[in-house]
Amino acid sequence: MERTPAAVACDPTVGVEEEFLLVDPVTGVAVNRADEVVAVARDLFGLELEHELTATQVETKTSVCGDAEQVRRELLELRRAVGRAARETGCRAIAVGAPPLGDTTGVITDGLRYRRIAREFGALAAWQLICGCHVHVAVPDRETAVQVCNHVRPWLPVLGAITANSPFSRGVDTGFVSWRSMVWSRWPVSGPPPFFTSWQHYQDVCDTLLEAGTALDQAMVYWDVRPSAHWPTVEVRVADVAANVDDAVLLAALVRALVTKSVMDVQRGVRPVPVPVETLRQACWRSARDGLAGSALDVLSGQLLPLRQQLDGLVGRLEPVLAANGDLPLVERGLRLLDREGCGADRQRRLVRDNDLTALLDLLDVGAADRPARGVVEVRMGAEVDLSNCDEFERRCTEALDGGAEELVLDLSEVVFFGSSGITALDRIRALGLERGVPISVVASATVARVLHSTAMDNLLPLRVRPEPPLPTAG
């Protein structure tokens, strides 16, 4: 496995933008309430939301975040605030790539630039009731940004599948997991970008687009990955807005690590593979149709491979970076949830198959962040696990399972003594998890890892070892 040089920083800043659709709380049909929701969010909650092209949408932006955990906290808070603001105005904000019900056209937001877009692009503008998730990652400079985009391009089909969340349109299954991608592809400057040799090459192509009138300004250069025109960042914009925060965090963490590794490759002189844009378009189309449950062309090998297998390949390539920047636990959690529940499109289809419209809107409601978090429960132990506290260890785990935990993480990363009574308790906890059908994993200190290895317990429970801090050096 390729190792990350210790001297290279692995923690660039990251920011996430999410777009949400405003709908009638009962029928789920899109409503033009953006002005009201923006005003209420500002006046009651101190939140500055952004308008989008149509009056049925609002956008949130995190601050500049230092890691995926901060992204998660901020996305939760932003979604809660948007959900409350929508309820105050008599509508509902939902996280969905395209409106599943009702009309698919909207009223253009009142503004000089938006009105000009509507004039120049006609019905294309009115059809944009679609919501994406955009991830921004800092890079050293614009020249590096262009080369990073070249390195990221081959992974766009995989990244787009992670949050695929728009299978329906007008109440009908489109046959795609990301119908948003199909609607978005109608714009003249969209989808995978060309391969660029330099920042100047990128600028020259953008100038040609502006001269041709297919983009009114650089903000309308809508490629799935692009360098910022104003800041030294790379923006990945291939994804639907995620159905839940865990999917969005998984996407953000992987993009952050991919950009980090790409910067390192640029600095080492590793050349990106110049995949033809036509090839990338074919792979992205298959990804938007079938998602992680299907296959798409692996553009690096030229083989048709399961997208879930390609995602594992991406995570494997990025694991050293993810371990170094601290985002690996959230990525592992996101992957487990994705494997258990499927992507947003899978979850929507299960509910619509049962004709449960109320449950569908509940699933997509950004106010769901107000409800107690489902899924992973963490049980953390202190410096020692021995006869004096092994009963407490077992009791806390049992209470978590009785409380409805869908996954249990045992954090033993600070344990410096793990006795035989701890092993006995751990085996009983593992058996209870098997009985309840709840996966259990361990985050271990080096001490605990040695004990689990010597007793072969590491063959029975997924184990992640927390690296020990380096010893101080003289000098």
Side-chain angles (χ1 to χ4, degrees), residues 1 68-69 72 244-247 249-250 253 292 308-309 311-312 315-316 319-320 322-323 326-342 346-347 371-469:
M1 180 180 293
E69 184 57 50
R72 188 174 193 277
N244 60 37
V245 167
D246 290 305
D247 291 351
V249 172
L250 173 61
L292 291 176
R308 187 62 183 83
Q309 178 182 333
L311 176 56
D312 282 340
V315 174
E319 187 170 347
L322 291 165
D327 288 347
L328 186 58
L330 283 178
V331 167
E332 292 173 337
R333 169 184 175 169
L335 290 171
R336 287 192 295 268
L337 292 173
L338 202 58
D339 286 338
R340 187 166 69 231
E341 300 182 4
D346 298 324
R347 299 165 211 161
R371 297 197 285 270
R374 297 174 59 234
V376 180
V377 175
E378 182 180 278
V379 174
R380 177 176 297 183
M381 297 298 288
E384 297 182 352
V385 177
D386 53 23
L387 188 60
S388 68
N389 64 358
C390 64
D391 287 343
E392 177 196 355
F393 180 32
E394 191 172 347
R395 175 184 58 78
R396 290 173 59 193
C397 293
T398 302
E399 288 178 350
L401 294 171
D402 289 343
E406 296 180 349
E407 181 177 342
L408 195 58
V409 176
L410 310 180
D411 188 345
L412 308 179
S413 61
E414 297 179 1
V415 174
V416 295
F417 178 81
F418 196 74
S420 59
S421 54
I423 288 290
T424 302
L426 186 60
D427 191 47
R428 286 199 291 263
I429 293 165
R430 182 187 70 85
L432 186 58
L434 287 174
E435 179 185 325
R436 305 281 185 87
V438 176
I440 297 177
S441 60
V442 178
V443 180
S445 64
T447 298
V448 172
R450 284 193 291 270
V451 173
L452 298 186
H453 180 68
S454 67
T455 58
M457 187 66 78
D458 59 346
N459 293 325
L460 302 176
L461 286 169
L463 179 66
R464 181 169 61 83
V465 182
R466 183 71 52 83
E468 293 183 323

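- Nearest heavy-atom pair, A400 versus V377, reported as atom, atom and distance to 0.1 Å: CB-CG1, 3.8 Å.
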- Should V331 and L250 be marked as a side chain to side chain contact (heavy atoms under 4.5 Å, CB included) after you check the CA-CA gap, both sets of side-chain angles, and the distance that decides it? CA-CA 5 Å; V331 167; L250 173 61; 3.9 Å; yes
- Dump the intermediate steps for side chain to side chain contact (heavy atoms under 4.5 Å, CB included) on M381 and N389, then the final yes or no. CA-CA 9 Å; M381 297 298 288; N389 64 358; 3.8 Å; yes
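- Judged by distance alone, the side chain of S445 and the main-chain N or O of V416 form no donor-acceptor pair under 3.5 Å.
- In this structure, the separation between CG on L412 and OG1 on T447 is 11.0 Å, given to the nearest 0.5 Å.
- The shortest heavy-atom contact between C390 and A425 is O-CB, 4.0 Å.
- To the nearest 0.5 Å, the span separating CD on E69 from CG on L330 amounts to 5.0 Å.
- The distance from the CD atom of E378 to the OG atom of S441 is 9.5 Å, given to the nearest 0.5 Å.
- Here CG of L408 is found 13.5 Å from CZ of R430. Values are rounded to the nearest 0.5 Å.
- R72 is listed as a side-chain neighbour of V245, based on a closest heavy-atom distance under 4.5 Å.
- A heavy-atom distance below 4.5 Å is not found between the side chains of D427 and I423.
- Counting all heavy atoms, side chain and backbone alike, I429 lies closest to C397 at CD1-SG, 3.6 Å.
- Around atom CG of L434, more than 12 heavy atoms belonging to other residues, nucleotides or ligands sit under 6.0 Å away.
- Within the 4.5 Å cutoff, the side chain of L426 has no heavy atoms near those of the V385 side chain.
- Put simply, CG on N244 and CD on E341 are 7.0 Å apart, with the number rounded to the nearest 0.5 Å.
- Proximity of L335 to R308: side-chain heavy atoms (C-beta onward) are separated by under 4.5 Å at one or more points.
- To the nearest 0.5 Å, atom CG of residue L452 and atom CZ of residue F418 are 6.0 Å apart.
- Taking 4.5 Å as the limit, every side-chain heavy atom of E332 sits out of range of all side-chain heavy atoms of V443.
- Side chain of R396 to backbone of R380: a donor-acceptor contact under 3.5 angstrom is found.
- Between G342 and R347, the shortest heavy-atom distance links the atoms O-NH2, 2.6 Å.
- A donor-acceptor pair is defined here as one N or O able to donate and one able to accept, closer than 3.5 Å; no such pair exists between the side chain of D386 and the backbone of G419.
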